[in-house]
Amino acid sequence: MPVHIDLERLRRTLDAVNSVAATEEGGVSRVALTDEDRAGRDLLVRWMQETGLDVRVDDLGTIYGRRKGAEPDLPVVFGSHLDSVPNGGRFDGALGVVAGLEVMRRVSEQDIQTRRPLELVSFTNEEGVRFEPAMMASGVLAGQFTRDYVYSRTDRAGTIFGDELARIGYRGDVEHRLPGAVAFLELHVEQGPVLDTRDYPVAIVEGIQGITWLEVTFTGQADHAGPTPMALRRDAFVAASRLVAFVQEMAKRIGGPAVATTGRCALEPDIINAIPGRAVISVDVRHPDQAGLDEMEAEVHRLAAEAADAEQVEVAVERIWSSPPTSFDSQLIAVLERMATRLGVPYHRMVSGAGHDAKYMAEIAPTVMIFVRSLGGYSHCPEEDSDWQDIEQAVTLLLNSVLQLAT
Ligand SMILES: [Zn+2]
């Protein structure tokens with residue numbers, strides 16, 4: 001028999017955690033390690049304690065609430081993050097945390113005894129907008145960053161991460177870090193339009209797209225816009241513009257999940273009556289598998305050379321950052337698919353276009369995500385919205401999957 005959630009309680013809980021950080025525009029600002037972040041954390045800790053969970057905070061400020069299992073096994077872990085971008089949405093991150101709390105409350109009030117422990121987690125600084133990089137605390141758990149590196153990060157005002165963590169009272173103990181997990185499940189809003197367009201309430205997420213950032217520099221000859229005949233020009237911006245169009249055509253040609261964006265352009269001398277001698281553009285390419293990502297990067301090199309040739313300019317392509325694709329655990333995906341079918345929850349399978357703590361958690365534990373439809377696809381803005389019927393289906397799927405994995 002499936003266990004059901006208390007949707008009204010879930011909604012009240014999300015409203016309460018958002019009320020401490022509400023903005024005039026209808027969004028939330030619960031930026032990492034601010035007073036609003038602390039207020040949200042304090043609520044969560046109180047709710048965890050009221051639910052009878054054993055609460056602990058690790059040295060990165062990540063909050064855990066554990067419910068004992070019958071056996072001292074590794075836990076089934078679920079959760080997300082409470083921090084937001086400035087004037088962000090009401091669901092991003094917070095929904096996954098309060099959904100996990102609803103799981104704990106339900107299990108507790110129905111007195112369900114699981115074999116494995118259950119653990120609700122709320123990660124510090126997923127967004128990385130105040131202190132870069134993003135997904136900082138889960139990154140430390142996965143060995144991507146050291147604690148010293150994280151503690152020494154500063155925001156634009158020069159405030160130090162380690163100091164702010166202590167100031168808000170959440171600099172805990174290294175021994176409180178997650179010891180491992182038999183499974184990690186993160187429920188999150190999709191933050192894109194796929195589910196809304198295809199009319200599914202929920203997705204079972206197969207993985208996270210790989211991302212490569214390239215910087216392409218075209219060097220021609222700056223010159224006067226008047227006396228220089230068209231045939232004699234070496235216009236770096238015209239070459240860059242060719243590449244912008246080539247890159248878009250490339251992504252369409254490769255098709256499927258491939259996406260490519262040229263979002264930034266800097267020109268020199270950048271004045272109205274001069275031929276640009278130098279143009280630097282960024283290229284962001286994304287693909288769910290490494291071979292696809294590598295193919296796109298190689299194509300950008302080839303197309304940049306073609307664009308440069310056409311305008312008689314020089315070109316250099318530099319990779320400035322890359323994040324490999326993540327594949328979630330196929331057995332966990334299968335568990336969730338069977339559970340969704342049993343519950344009658346219509347679901348779509350898809351790859352995430354955005355990064356999540358689940359990306360780093362996948363390096364240390366079998367991991368899967370559940371997405372909830374984002375109405376209109378909006379996110380990181382006050383317009384971010386989801387339907388409560390969709391949320392009910394997603395959280396019911398989370399609850400019953402957790403119980404199955406913990407039994
Ligand atoms: Zn998020």
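Position 1 is the first residue of the sequence, and the numbers go up from there. Just follow the structure's listing: the first ligand is 1, and inside any ligand the first atom is 1.
For a distance bound of 2.8 Å, the N, O or S atoms of Glu127 include none lying that close to the Zn ion (ligand 1). For residue His356, no N/O/S atom approaches the Zn ion (ligand 1) to within less than 2.8 Å.
For Arg171 and Tyr151, the positive end sits near the middle of the six-membered ring, less than 6.0 Å away and at most 45° from its axis.
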task: Report the C-alpha separation of Asp6 and Arg106 in whole Å, then their side-chain angles, then the decisive distance to 0.1 Å, and conclude whether the salt bridge (Lys or Arg N to Asp or Glu O under 4.0 Å) test is met.
output: CA-CA 8 Å; Asp6 184 337; Arg106 215 33 160 179; 5.1 Å; no
field: Glu186 vs Ser80, side-chain hydrogen bond (donor to acceptor under 3.5 Å, both in side chains): CA-CA, chis, key distance, verdict
entry: CA-CA 6 Å; Glu186 182 171 4; Ser80 191; 2.7 Å; yes
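Of all N, O or S atoms in Asp92, the one lying closest to the Zn ion (ligand 1) is OD1.
For Phe237, the CZ atom counts as loosely surrounded, since its 6.0 Å shell holds 12 or fewer non-hydrogen atoms of other residues, nucleotides or ligands.
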